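Worth knowing before you read on, the calculation uses all heavy atoms, side chains too, and leaves out hydrogens, waters and symmetry mates. Just so you know, these numbers come straight off a predicted model, no measurement behind them. To find a chain, count down the sequence lines: A is the first, B the second, and so on, and within it residues start at 1.
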2 protein chains.
Amino acid sequence: MSEKREAFVTLATNDSYAVGAFVLGNSLRNVKTTRELVVLITDEVTHHYRYRLRHVFDIVKLVDPFDSGDEKHLRLLGRPDLGITLTKLHCWRLTEFSKAVFLDADTLVIGNIDDLFTRPELSAAPDVGWPDCFNSGVFVYKPSMQTYQTIVAFALQFGSFDGGDQGLLNEFFNTWATSDINTHLPFTYNMTATSAYWYAPALNRFSKDIKVVHFIGALKPWHHLYNKDTGHLDLNEKFQEGQQPFLTNYVQRWWEIYTASVNKLPSEVSMQSPVVL
Amino acid sequence: MSEKREAFVTLATNDSYAVGAFVLGNSLRNVKTTRELVVLITDEVTHHYRYRLRHVFDIVKLVDPFDSGDEKHLRLLGRPDLGITLTKLHCWRLTEFSKAVFLDADTLVIGNIDDLFTRPELSAAPDVGWPDCFNSGVFVYKPSMQTYQTIVAFALQFGSFDGGDQGLLNEFFNTWATSDINTHLPFTYNMTATSAYWYAPALNRFSKDIKVVHFIGALKPWHHLYNKDTGHLDLNEKFQEGQQPFLTNYVQRWWEIYTASVNKLPSEVSMQSPVVL
Ligand SMILES: O=c1ccn([C@@H]2O[C@H](COP(=O)(O)OP(=O)(O)O)[C@@H](O)[C@H]2O)c(=O)[nH]1
Ligand SMILES: O=c1ccn([C@@H]2O[C@H](COP(=O)(O)OP(=O)(O)O)[C@@H](O)[C@H]2O)c(=O)[nH]1
Ligand SMILES: [Mn+2]
Ligand SMILES: [Mn+2]
């Protein structure tokens, strides 16, 4: 009987996101996942970062970039860079796995989430912007060439209402909000708390349950400055004030994992100066 | 066979919220609801406003104020006024109705929502701040003295994690996020889009389905200035810029309904100058 393989999968199309993927992979090792780790990369990721990724991921797989090129819709979000996230669709082609969990490269895992593999396709957590849509930064799915081809065909025919993977996947898996409560992951599995109506009491009440922090938006943890000797975090000035007291802790945590992970690398890698982002 | 009675219920503990309730009641009449309209008021609501409310609601019911007095938690939200919302609990005492829908006085109904009465207790839409909590501005419930007493006892024993009714009701109906998808109202039945991560594409995609707009936060429609002769809306300067293009339309709609509703009142009422809020 062949063993059932399951994997956590992420994506990096450039070195910036490769840093994110590197930290994410290490954060998954820290919580002692028993599943395989896969990172999809495109040609743009430099040799230096491929090398780093190979130290933490079981599989580093080169894929073709896939761009929605749909400028009109992306402008609505003020995020012309999201088109590239359609490259995510390649994750369905990992058919050596019977079940997989996709995680954005800007997520950080702080608690074991191996229980996600009991969930059906497509399971995801609500998006805070429009909570009848799921956030596509964390989702459980079933690799399948057939599904891959169907979604690609769907994308080519209908596009994506936000020009990125979230609009596309929500339109494709369009019964998520109404059909099966088991496909609703707890918000603590994809905590994207950047809401203006800051619901601080809920955060206090539920923060102990948070398992995955997702740094959505244009400003990522790697856009801040961190002094690895003093542990001092120098926040990017664009960082919204309202978010600071809470998110700062997680940005700090991200940098601590980054530093520890780099220290664990064989010296010929860690001696190289970090990529300027 | 006795007829099954069902009602929409709201609450106003002062004249400011009574204006909201007045507009809400009229907005429900505009969409031709077939259900009864009930407003709970406290002693503070002036004669003038009680009179207005009686013109649109079938029942204007005086109840005792009920305050959480839980300053510590409320300060977290920067909203010391929310304690009063525990007065909402009185809605469970309306046992002449077999099913009811509670609506905050700061909601505006723009499409018929009578289908809500097929939903079980407790049905509500996700809160954008923490979407595994429901927003308690719109909920379907079953009036019952037993439930009323149980929730009051629960409130006295455990308090509320946010000091208001939302924290309390989420703790009491604490399987909402995980147990029955039918208790998840579409977000379009309680659209509280004030999120910082403005998901404009979803709004574009789904705005045609919006049935209830909920003006959450400290700034309510009645805090803006409106010239009923020119139809010009003069927005309160605290109104966040990012929200303007979209929410402004709904604030305008609120004022149009307000103006039309006041015009429909018998002249001895409409001749009185509006209450300064
Ligand atoms: O230039 C890019 C943009 C995105 N991504 C991948 O696509 C995901 C989704 O994009 P992002 O996280 O920036 O979007 P957000 O979560 O902020 O909406 C990232 O986490 C990466 O895995 C990438 O590899 N290169
Ligand atoms: O001083 C108050 C505060 C609140 N309310 C009622 O409680 C509801 C909830 O409060 P609010 O809508 O201000 O809270 P938000 O939705 O902004 O969180 C209101 O809509 C009113 O029905 C009231 O009658 N008097
Ligand atoms: Mn992301
Ligand atoms: Mn409200």
Novice: Which residues pass the ring-ring contact (aromatic ring centres under 6.0 Å, His included) test with Tyr226(B), not counting sequence neighbours?
Specialist: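 ring-ring contact (aromatic ring centres under 6.0 Å, His included) list for Tyr226(B), sorted by chain: Trp255(B).
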Novice: Which bit of Asp180(B) is near chain A, if near means a heavy-atom gap under 4.5 Å: side chain, backbone, both or neither?
Specialist: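 For Asp180(B), the backbone is the part near chain A, not the side chain.
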Novice: Work out which heavy atom in Pro131(B) is nearest to a heavy atom in Val128(A); give both atom names and the distance.
Specialist: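 Closest heavy-atom pair between Pro131(B) and Val128(A): CD-CG1, 3.9 Å.
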Novice: Could you state the interatomic distance from CZ (Phe161(B)) to CG (Leu203(A)), rounded to the nearest 0.5 Å?
Specialist: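 Between Phe161(B) CZ and Leu203(A) CG, I get 10.5 Å after rounding to 0.5 Å.
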Novice: Let me know if Ala202(A) has heavy atoms under 4.5 Å from chain B in its side chain, its backbone, both or neither.
Specialist: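 Both backbone and side chain of Ala202(A) come within 4.5 Å of chain B.
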Novice: Please identify each residue that fulfils ring-ring contact (aromatic ring centres under 6.0 Å, His included) with Phe102(B), with sequence neighbours left out.
Specialist: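 Residues passing ring-ring contact (aromatic ring centres under 6.0 Å, His included) with Phe102(B): Phe139(B).
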Novice: Looking at Asp132(A) and Phe187(B), would you say the former's side chain and the latter's main chain have a donor-acceptor pair under 3.5 Å?
Specialist: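 It does hold such a pair.
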Novice: What is the distance from atom OG of Ser179(B) to atom NE2 of His184(A), rounded to the nearest 0.5 Å?
Specialist: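 If we round to the nearest 0.5 Å, Ser179(B):OG and His184(A):NE2 are 12.0 Å apart.
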Novice: Name the orientation class of the two ring planes belonging to Phe206(B) and Trp130(A) (parallel below 30°, tilted from 30 to 60°, perpendicular beyond 60°).
Specialist: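 Parallel: the ring planes of Phe206(B) and Trp130(A) meet at under 30°.
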Novice: Which atom pair, heavy atoms only, marks the closest approach of Pro201(A) to Asp162(B)?
Specialist: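 Nearest heavy atoms, Pro201(A) then Asp162(B): CB-CB, 3.5 Å.
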Novice: Run the numbers on Tyr199(A) and Asp127(B) for side chain to side chain contact (heavy atoms under 4.5 Å, CB included), then give the verdict.
Specialist: CA-CA 9 Å; Tyr199(A) 195 17; Asp127(B) 186 83; 3.7 Å; yes
